[in-house]
2 protein chains.
Amino acid sequence: MNLKPSKRQQIFEFLCNFQNQYGYPPTVREIASEVGLASPASVQVHLRSLERDGFIERDPNKPRALKLNQPDKGSQLSESTHGESESVSIPILGRVAAGTGVVAFEDREGDLVLSRDMIGSGDHFALKVRGDSMVEMGIFENDWVVARAQKVAEVGEVVICGIFGDEATVKILSKLGEEVELLPANKNYQPIRANHEEVSIFGKVVALVRSF
Amino acid sequence: MNLKPSKRQQIFEFLCNFQNQYGYPPTVREIASEVGLASPASVQVHLRSLERDGFIERDPNKPRALKLNQPDKGSQLSESTHGESESVSIPILGRVAAGTGVVAFEDREGDLVLSRDMIGSGDHFALKVRGDSMVEMGIFENDWVVARAQKVAEVGEVVICGIFGDEATVKILSKLGEEVELLPANKNYQPIRANHEEVSIFGKVVALVRSF
DNA sequence: GCGTAGAACAAACAAATGTTCGAAAATATT
DNA sequence: AATATTTTCGAACATTTGTTTGTTCTACGC
């Protein structure tokens, strides 16, 4: 069926490339022209869809007021620094702000130093793991998980998320859509199902650090 | 005269902050409002000045079509080292020298950067984990274990050791004396018993790092 | 004092942009 | 084949935005 990438995906990739190239987002008409749609109205539908799923954010009635939430995806940046390893200081958060959107770096309790090529680009934060809900993935209590701050993720990825405005937890994202499913990695715990609006993703886990 | 920063500089800093916060550049009027100018015309002159000097690029007649050429400059992000955390570069070893005594740092494949307070003092090295003999301790294949180079350890500690001059492995030291016992953390593997002379301890595992 | 230069202003204009609405076309479903 | 669903379109509209123009005000040098 879908031999070619869907318009939705085409658009998203174009957004990433454009932002990368020009430093600011494209307009609706520029998108239309690029992906082969004749009317700005056609683009609107997809933008709404992308916004509903958290890939982008928009400010209504404002030109180019479009923010990418996952700057990495569409951009094939050169990750080959393989020579010098920049060390990055990652703030350890006591708790994650349960606000609607951004991850606020509250209660910084210290820093974790890692090399850039281990975690990739972006803003990162670290959390100390509480509980044993992820033991089957080798994530133990008192480990540190390092996450890249982003508000969307894909099925199968390990994410830091807040449910019902609760404290942040580590879970495996297993289903998306109107209803979101979050899986623990421990048979003794139950999967969590919740409405799309009740779950906020704070970041995607990219590394784990344990100190013996 | 210039007690306060010049309007030009105010504007440039605002551009950086805005772009950082919203993901797209502000409009001329948003700039005016922010830096305390009442007319968009007033902002224009400064933008022209900034463009003339190469700080920004603009596309005429297009809203928000403004590119920062130096995204880092104006942004006073949290670069504070917040306390002190000395970062240590730990060599990643392809294999551990099977010599009787010291750990020679052969075949360095790269470095792992960690903060000193995570690993403590001493000389360290890192190994990539092969096999699943330690899964029950949450040490998975392709993880990195960081070890402090030392030739002795105590019962119960996780060590890097070589047996019969074999490749280095990660095990739990469980008995000392004439006969040494090394335990895997996996029911499918057998404990290893060997003579005191046949086992050489290279280091004690002090940290674990996993990259997703 | 006089004149000049620069900064800022307000108002108006033209262009670009986001949005909406109904209809047409394409696609999927029964 | 008939129907429902999705996608796209075209055109009009309201808003936002960049730009221009002429004016006012202040500071400075002669």
Side-chain angles (χ1 to χ4, degrees), chain A residues 1-19 21-69 176-178 196, chain B residues 1-19 21-69:
Chain A
M1 169 86 284
N2 268 355
L3 295 169
K4 296 172 182 178
S6 69
K7 280 276 183 277
R8 191 180 124 126
Q9 189 169 344
Q10 273 185 56
I11 289 176
F12 183 68
E13 287 177 7
F14 174 62
L15 291 181
C16 298
N17 294 337
F18 192 101
Q19 173 72 47
Q21 181 170 0
Y22 294 99
Y24 49 84
T27 67
V28 178
R29 282 173 177 82
E30 286 167 343
I31 300 171
S33 163
E34 173 68 22
V35 302
L37 290 176
S39 169
S42 309
V43 179
Q44 291 270 16
V45 193
H46 294 117
L47 288 185
R48 264 193 262 272
S49 156
L50 284 170
E51 185 171 25
R52 173 175 50 80
D53 293 347
F55 289 99
I56 61 174
E57 286 175 41
R58 304 218 299 158
D59 215 339
N61 299 324
K62 292 189 178 174
R64 298 181 201 270
L66 188 152
K67 180 179 186 178
L68 290 172
N69 280 335
L176 277 171
E178 273 312 305
H196 183 273
Chain B
M1 173 84 278
N2 266 356
L3 295 169
K4 296 172 182 178
S6 70
K7 282 276 183 270
R8 192 181 124 125
Q9 189 169 345
Q10 272 186 57
I11 288 177
F12 183 67
E13 287 179 7
F14 174 62
L15 290 181
C16 298
N17 294 336
F18 193 100
Q19 173 73 46
Q21 179 170 2
Y22 293 98
Y24 49 84
T27 66
V28 178
R29 281 174 178 80
E30 286 167 343
I31 300 171
S33 164
E34 174 67 23
V35 302
L37 291 176
S39 170
S42 309
V43 179
Q44 291 269 15
V45 281
H46 292 119
L47 289 184
R48 265 193 259 272
S49 155
L50 284 170
E51 185 172 24
R52 172 175 49 79
D53 293 348
F55 289 100
I56 62 174
E57 288 175 38
R58 303 216 301 157
D59 214 339
N61 300 323
K62 292 189 177 174
R64 295 182 203 272
L66 187 152
K67 179 179 186 177
L68 290 173
N69 280 335

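Letters A, B, ... mirror the listed sequences (proteins, then strands); counts begin at 1.
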Quiz item: Quick one: A:Arg48 CZ to C:dG18 C1', roughly how many Å, whole number?
Solution: 10 Å
Quiz item: Considering only heavy atoms from C-beta outward, does the side chain of A:Arg8 approach that of A:Leu50 to under 4.5 Å?
Solution: yes
Kindly give the atom pairs (protein nitrogen or oxygen, nucleotide nitrogen or oxygen) under 3.5 Å for nucleotides 15-17 of chain C.
| from | atom 1 | to | atom 2 | distance (Å) |
| --- | --- | --- | --- | --- |
| C:dT17 | OP1 | A:Arg64 | NH2 | 2.8 |

Quiz item: How many Å lie between CG on B:Leu50 and C1' on D:dG18, as a whole number?
Solution: 16 Å
Self-check item: Residues forming a side-chain hydrogen bond (donor to acceptor under 3.5 Å, both in side chains) with B:Gln19, sequence neighbours excluded
Solution: none
Quiz prompt | Contacts of type side-chain hydrogen bond (donor to acceptor under 3.5 Å, both in side chains), residue B:Glu51, not counting sequence neighbours | solution = none
Quiz item: Under 4.5 Å between any side-chain heavy atoms of A:Leu47 and A:Arg58, yes or no?
Solution: yes
Quiz item: Excluding sequence neighbours, so at least two apart, what forms salt bridge (Lys or Arg N to Asp or Glu O under 4.0 Å) with B:Glu30?
Solution: A:Lys62, B:Arg64
Practice problem: Check the distance between D:dT17's C1' and B:Asp59's CG and give it to me in whole angstrom. | Solution: 14 Å
Quiz item: Does any non-hydrogen side-chain atom of A:Phe14 lie less than 4.5 Å from one of A:Pro26?
Solution: yes
Practice problem: State, with a plain yes or no, whether a side-chain heavy atom of B:Ile11 is found less than 4.5 Å away from one of B:Glu34. | Solution: no
Quiz item: Can you find a heavy atom in the side chain of A:Leu68 that is under 4.5 Å from one in the side chain of A:Cys16?
Solution: yes
Practice problem: Determine whether B:Phe18 and B:Ile31 make a side-chain contact, defined as any pair of heavy atoms from C-beta on separated by less than 4.5 Å. | Solution: no
Quiz item: Closest approach of A:Pro25 and B:Gly23, non-hydrogen atoms and distance?
Solution: CG-O, 4.2 Å
Exercise. Report the end-to-end axis angle of the helix from C:dG1-D:dC30 to C:dT30-D:dA1; each axis comes from five terminal pairs, and the value is rounded to 10°.
Key: 20°
Quiz item: Quick one, which residues of residues 37-47 of chain B touch DNA chain D with a heavy atom under 4.0 Å?
Solution: B:Pro40, B:Ala41, B:Gln44
